[in-house]
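Single-structure report; data block below.
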Amino acid sequence: MEPSSWKLAPAVSALYLDHLFGDSAVPSFATSAILAAVPFPSHSTPRFHRARLLRRLASDPLSASALSSILLLASTPSAPTAAAQAHLAVAAYLAATGDDFDAVVGVVFDPRVAAEGALAACSEAADVVGQFRAAVGTPSAQATLKSRWGNQSAAERRVRELIEAEWAAIGPSLLEQATQRIGGDAAPETWRAADEATRSMYQQLVGEERAQEIHALLNSHAGPTSTSTPEHIKFINKLKRSTQELHDAVDDPLPAAKEDAERAKAILLAKGVKPSGAPWSSSPTSEASHPRPSLFTPRNVVRSPLQTNLYASPSQTEKQPLHGKFKDGQHADQKKARRKARKWSEGEEIALKSGVQRCGVGKWKQVLLGNPQAFHDRTAVDLKDKWRNLSKRAPA
DNA sequence: ACTGGGGTTAAAG
DNA sequence: CTTTAACCCCAGT
């Protein structure tokens, strides 16, 4: 790879980084290398910013800087509960294990740092904060708190849960959104708003076959309503094309990196090793994550049975008969075993809600495929059922 | 093949 | 024992 051959406008680089950093399947060593090689974006997108925070947090989950990362994430909350619990756990851990209890409590539970706001989503937080403040200058009380909150792996688990929830909520990249507008289900609206020249560009992008389908849809319900502005779409479209060219040029390191990650994961699985210890903290995404459908490859997602969930509870990393079926004469009447019920994580709930916002209620398959990394072994029917439950709980 | 809606299971209250 | 959440079954499109 010759970085010197990349001529990339900062605005395009922003889109590119938005796309890659926000994909949890891309390992952080790869994103770091990419960031060093391309021009720093003129305007970094919120998704890019968030993804950087997550990657930083994953590599250093229990420190003062981790605490400020969590605060930043919580300032625009997507997973309020997880953020509050992670914040509380890290702050308490730092206080419990620090050399100078009083000083650390003064900093990490400083009321002026707006920590109170971030902690509001966690009901036990106020109580715990009170206990720490009360223990200042009282060694006996400190001892209790130290044993209660000094557990490193417990604190790391809270951070990991936050990271999982945030990845699930991060949503599609700008490029993916543009692709959806131009070639996906939202295409008719977009095409209606476009002039002839723009449409022929679209046609090049999506291929003639798809373009005809879209035209058919367009004509079938020729409604007048259109909301997108052609200039905006044209702009996105232009960027998308330059980015595609860039991708062609840069293609090398990513597949290699992903291959490494997959290989490492396969070895782990073959040994039957469960991701219980610290591996996630050193390379958060390498052994993780279903590959998302890339912009640059057809969106036919086929999950390999090898792909398991990084964050799956250790108890059920073994076989689940979702994928396998018996069809031999002897056991013809064998009933498919019921999957063990797994509680939905906050991250999955958030991914579901944002997916419904994007695709609409009822488009369960789209929601699922639109964010495959977020859902761990859920089917479209599972999403539908979960939505039914959520609607019961909050019928607003 | 997807979706919506009724049915079942098991855990929580 | 009742309620709730997750999962299954199946008929209609």
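Proteins get letters first, then strands, A, B, ... in listed order; numbering begins at 1 in each.
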Specify the closest pair of heavy atoms between [X] and [Y], including all atoms of both residues, with the distance to one decimal.
X: A:Y93; Y: A:G150; value: CE1-O, 3.4 Å
X: A:A66; Y: A:P61; value: CB-O, 3.4 Å
X: A:V108; Y: A:A91; value: CG2-O, 3.7 Å

Q: Quick one: sort the A:F132 and A:F101 rings into parallel, tilted or perpendicular, breaks at 30° and 60°.
A: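 Rings of A:F132 and A:F101: parallel, as their planes differ by under 30°.
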
**Q.** A:H19 (side chain) donor-acceptor with A:L15 (main chain) under 3.5 angstrom
**A.** no

Q.
I'd like to know if the side chain of A:Q177 reaches the main chain of A:P172, judged simply by a donor and an acceptor atom lying under 3.5 Å from each other, with no hydrogens or angles considered.
A. yes

Taking only the side-chain nitrogens and oxygens of [X], find out if one of them lies under 4.0 Å from OP1 or OP2 of [N].
X: A:R339; N: C:dC8; result: yes
X: A:R388; N: C:dC7; result: no
X: A:N389; N: C:dT4; result: no

**Q.** Where protein sits on nucleotides 8-13 of chain B, one letter per nucleotide: B base, S sugar-phosphate only, - none, heavy atoms under 4.0 Å
**A.** BS----

Between [atom2] of [N] and [atom1] of [X], the distance in whole Å:
X: A:R342; N: C:dC8; atom1: CZ; atom2: P; answer: 11 Å
X: A:L383; N: C:dA5; atom1: CG; atom2: P; answer: 17 Å
X: A:K386; N: C:dC7; atom1: NZ; atom2: P; answer: 9 Å
X: A:K392; N: B:dG6; atom1: NZ; atom2: C1'; answer: 11 Å

Q.
Checking A:T76 against A:R50: is there a side-chain donor and acceptor pair closer than 3.5 Å?
A. yes

Q: Determine whether the side chains of A:R56 and A:S69 contain a donor N or O and an acceptor N or O closer than 3.5 Å.
A: no

Enumerate all atom pairs, one protein N or O and one N or O from nucleotides 2-4 of chain B, separated by less than 3.5 Å.
unit_1	atom_1	unit_2	atom_2	d
B:dT3	OP1	A:G362	O	3.2
B:dT3	OP1	A:W364	N	3.4
B:dT3	OP2	A:K365	N	3.2
B:dG4	OP2	A:W364	NE1	2.6

